[in-house]
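This report refers to the structure that appears directly beneath it.
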There are 2 protein chains.
Amino acid sequence: MSASSSLREPSYYILAALLDGPMHGYAIIKHAAQASQGRVNLAVGTLYGALDRLAGEGRVSVDREEIVEGRTRRYYRLTDLGRQALIAEASRMQHAAGVVFRRLATPIVGPA
Amino acid sequence: MSASSSLREPSYYILAALLDGPMHGYAIIKHAAQASQGRVNLAVGTLYGALDRLAGEGRVSVDREEIVEGRTRRYYRLTDLGRQALIAEASRMQHAAGVVFRRLATPIVGPA
DNA sequence: TGACATACTTCGGTGACCGATGCAACGGTA
DNA sequence: TACCGTTGCATCGGTCACCGAAGTATGTCA
């Protein structure tokens, strides 16, 4: 049980980046930083660890490998499962944010 | 740096519960389960560990202790700092959810 | 009397995340 | 030719929030 999150912000932004199509590691880092307005600064250790884990969970898969200017680029693609997980997490966060904002908007009436 | 979250869902729902006023441990667990629609099932180890940590960070503080029917109840209160952190986290989550939902709503046009 | 609920404490384990370091190949400069 | 900076991936050790389990204690109900 426990459920909780299972998809924290770094992993979340990795999947979110892949919504824009297959992408390789460094591009994901830049995309995540931009999408989160600089708050999520993916460490390389986090990125590759997360990609391996997400691949093992079937949420992403390797799309292809390219060699650009002698450097290998490994492109990752979002799977249907990954897309579902991402949407579920987005819903969860929206709900969680709503809980707080709604409570804040409620004039102080006191419980019951 | 890295920022990321620092406030995960369990801790988030603990602070959110305290928006309704000072509350003791077990009441927080029930409140969190309800507010999260059953998804966040605070383990006791998580709760008390988190309360200690949050207290050390100045986000919550002990309000008072009561003895009800022979059992000690320790009530915790949300501090201004805790309230700020909670709002910041709610904003962060709303933004993160928006990133995904907005992208999903966008007809496939391709980047640039 | 025993089973169950409330309420807090403590402990060991797990796993995501992190920074640091390392490797490799190119471009530019002199 | 030598060197440096950048791009890009791989790996390792550490930290910390979270978790479940076990323990203590008191009250209610059958």
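Computed from a predicted structure; not experimentally measured. Every chain is numbered from 1 and lettered A, B, ... according to where its sequence line falls, protein lines coming before strand lines.
Side-chain proximity of Ala43(A) to the nucleotides dC17(C), dC18(C), dT11(D) is greatest for dC18(C). The Pro10(A) side chain lies nearest to dC17(C) when the options are dC17(C), dA10(D), dA17(D).
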Cut-off 3.5 Å, no hydrogens considered: what does the side-chain donor-acceptor table look like for residues 25-32 of chain B, sequence neighbours left out?
{"unit_1": "His31(B)", "atom_1": "NE2", "unit_2": "Asp20(B)", "atom_2": "OD2", "d": "2.8"}

Atom pairs and distances, donor-acceptor, side-chain atoms in residues 45-59 of chain A, under 3.5 Å, two or more places apart:
{"unit_1": "Arg53(A)", "atom_1": "NH2", "unit_2": "Ser11(A)", "atom_2": "OG", "d": "3.2"}
{"unit_1": "Glu57(A)", "atom_1": "OE1", "unit_2": "Arg59(A)", "atom_2": "NE", "d": "3.2"}

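The distance from atom OH of Tyr26(A) to atom P of dA25(C) is 17 Å, rounded to the nearest whole Å. Whole-Å rounding puts the Leu42(A) CG to dA10(D) C1' distance at 16 Å. One interatomic measurement links the two molecules: CZ of Arg8(B) to C1' of dC19(D), which rounds to 11 Å at whole-angstrom precision. In this structure, Ile29(B) places its CD1 atom 13 Å from P of dC18(D), rounding to the nearest Å. Between Ile28(A) atom CD1 and dA10(D) atom C1' there is a gap of 15 Å when expressed in whole angstrom units. Straight-line distance from the CZ atom of Arg39(B) to the P atom of dC18(D): 16 Å, rounded to whole Å. Taking atom CD of Glu9(B) as the reference point, atom P of dA16(C) lies 16 Å away to the nearest angstrom.
Note on Leu104(A): it clusters hydrophobically with Leu15(B), by side-chain heavy-atom contacts below 4.5 Å among ILVMFWY residues. Hydrophobic clustering of Ile, Leu, Val, Met, Phe, Trp and Tyr side chains at less than 4.5 Å, counting indirect connections, unites Val44(B) with Tyr12(B).
No donor-acceptor distance shorter than 3.5 angstrom exists from the side chain of Tyr13(B) to the backbone of Val40(B), with no hydrogens or angles considered.
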Exercise for the section: Any chance you could lay out the side-chain contact (heavy atoms from CB on, under 4.5 Å) test for Val99(B) and His95(B), step after step, and finish with the verdict? Expected result: CA-CA 6 Å; Val99(B) 165; His95(B) 174 80; 3.7 Å; yes
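The shortest distance between the side-chain N/O atoms of His24(B) and the OP1/OP2 oxygens of dC8(C) is not below 4.0 Å.
Residues from residues 45-56 of chain B with heavy atoms under 4.0 angstrom of DNA chain C, sorted by number: Gly45(B), Tyr48(B). Remark: Arg71(B), Thr72(B), Arg73(B), Arg74(B) in residues 60-76 of chain B come within less than 4.0 Å of DNA chain C through at least one heavy atom.
When the shell of 6.0 Å around CD of Glu66(B) is examined, it contains more than 12 heavy atoms from other residues, nucleotides or ligands.
In this structure, the side-chain contact (heavy atoms from CB on, under 4.5 Å) partners of Arg74(A), at least two apart in sequence or on a different chain, are Val62(A), Glu65(A), Tyr76(A). Residues meeting the salt bridge (Lys or Arg N to Asp or Glu O under 4.0 Å) test with Arg83(B), sequence neighbours left out: none.
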